[in-house]
Number of protein chains: 2
Amino acid sequence: MAEGASAVAQSGESLLFLTDEQLRKGIEAMFFAYRGFTADPDRILQDHAYGRAHHRAIHFIHRAPGTTVNNLLAILGVTKQSLNRVLRCLIEDGLVESRVGNRDKRERHLYLTARGDALEQQLSDAQRERMRAAYRAAGPEAVAGFRQVLEAMMDPDMRRHFTRLADGGV
Amino acid sequence: MAEGASAVAQSGESLLFLTDEQLRKGIEAMFFAYRGFTADPDRILQDHAYGRAHHRAIHFIHRAPGTTVNNLLAILGVTKQSLNRVLRCLIEDGLVESRVGNRDKRERHLYLTARGDALEQQLSDAQRERMRAAYRAAGPEAVAGFRQVLEAMMDPDMRRHFTRLADGGV
DNA sequence: CTTGGAAAGTCAACAAGGCTGACATAAGCT
DNA sequence: AGCTTATGTCAGCCTTGTTGACTTTCCAAG
């Protein structure tokens, strides 16, 4: 059960990192790490009666101010009804502002208000703090590998969104 | 806004990988990668009218056959009512067997049936396939770094469970 | 041998956050 | 004028998490 079929037919090079056992460890590491990844923001959100869905919306509006609802939908990969519920709540609470588009008046452009920005700060400070500790503990080379593997794991569509956000532009 | 305060007060060494910008990219990479990570199993589960919660239970029962309900609760980090609903369903459907403990007859020891094992295979095959592709694309050094950062990101409790599972024993 | 407490199961109620389907409105495009 | 797009909204459903209350079973300490 330990070493999978993939390792059996390996060539001379060391492909032991591709054994089923190694892959399984990676899978479990993803599971446990993601729990840690969301733990700190989750605690903060509870105090504000928000959930992860609100966090995601806030994060990406902060990240790409003026983004449209449609763009946000594509990034988050949920239905507009799901997003709308969250967005309506954030707008009513005065964390997000929705401005009608100039060129295309059908579009709504989303911005964080001062209060929205404050919560975003609080959330991302907490999340970055854990990330920073993990990065520091693992070192720069490990971080580079971490990023490489994560990027390779994404669906192509998601990778497009990711690199578009990462490489500067809205 | 680009480079965070953490980078300002850095020493002579290159700590640029700890800038807020780099950390934010890592955070977004986790978000997008986790979506890919769960995408393939999610598709399979839909055909069987199960959800991610069922997958998690099946995964860890496969991983530690004979585990008790309490142990599973600690690993999954949910309430017993939540787990029980999922578990009852899996037992009724004949994917999981619940045996009364020998030493302590209050405990239930959980095992996958042949059918449960078949579904586990199908799910983990799909998930491993994506993982394998990502590992192969990134290379062994990147994978080592990936694992290091993930482990550093876990809560200590979760890291305990992780290493206990990874280092062999039930 | 009794009793306290742990392990497990169950019921009920609820909330967040996904989903689908249907429909309305406004605006852009042909 | 008519089709399409972007958005919002209503209603209803599902999964999966929560809390609280309660029961049964059973180990173990007094």
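Letters A, B, ... mirror the listed sequences (proteins, then strands); counts begin at 1.
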Counting only side-chain nitrogens and oxygens, does A/Arg85 get under 4.0 Å of the OP1 or OP2 atom of D/dG12? no
Distance, rounded to the nearest Å, where B/Asp104 contributes CG and C/dA6 contributes C1': 8 Å
Establish whether the base of D/dT7 is bridged to the side chain of A/Arg106 by a donor-acceptor pair shorter than 3.5 Å. no
Within 45° cone of A/Tyr111 ring axis and under 6.0 Å: A/Arg99 NZ or CZ: yes
Between A/Arg115 and A/Asp93, is the closest basic N to carboxylate O distance under 4.0 Å? no
Taking only the side-chain nitrogens and oxygens of B/Thr79, find out if one of them lies under 4.0 Å from OP1 or OP2 of D/dG17. no
Presence of A/Arg52 side-chain N/O under 4.0 Å of C/dA16 phosphate oxygens OP1/OP2: no
Is the phosphate of C/dC19, meaning OP1 or OP2, less than 4.0 Å from a side-chain N or O of A/Ser82? yes
Under 4.0 Å between a side-chain N/O of B/Asn70 and OP1 or OP2 of C/dA8, yes or no? yes
What is the separation between atom CD on A/Glu107 and atom C1' on D/dT4, rounded to the nearest whole Å? 14 Å
Less than 3.5 Å between a donor and an acceptor, one on the side chain of B/Gln81 and one on the base of D/dG20, is that the case here? yes
Any side-chain N or O of B/Asn84 less than 4.0 Å from the OP1 or OP2 oxygen of C/dT10? yes
Take atom CG of A/Asp47 as the centre, draw a 6.0 Å sphere, and report whether it contains more than 12 heavy atoms from other residues, nucleotides or ligands. yes
Is there a side-chain polar atom (N or O) of B/His54 under 4.0 Å from OP1 or OP2 of D/dT15? no
Check: B/Met153 and B/Val149 side chains under 4.5 Å, non-hydrogen atoms: yes
Pair of N/O donor and acceptor under 3.5 Å linking D/dT7 base with A/Lys80 side chain: yes
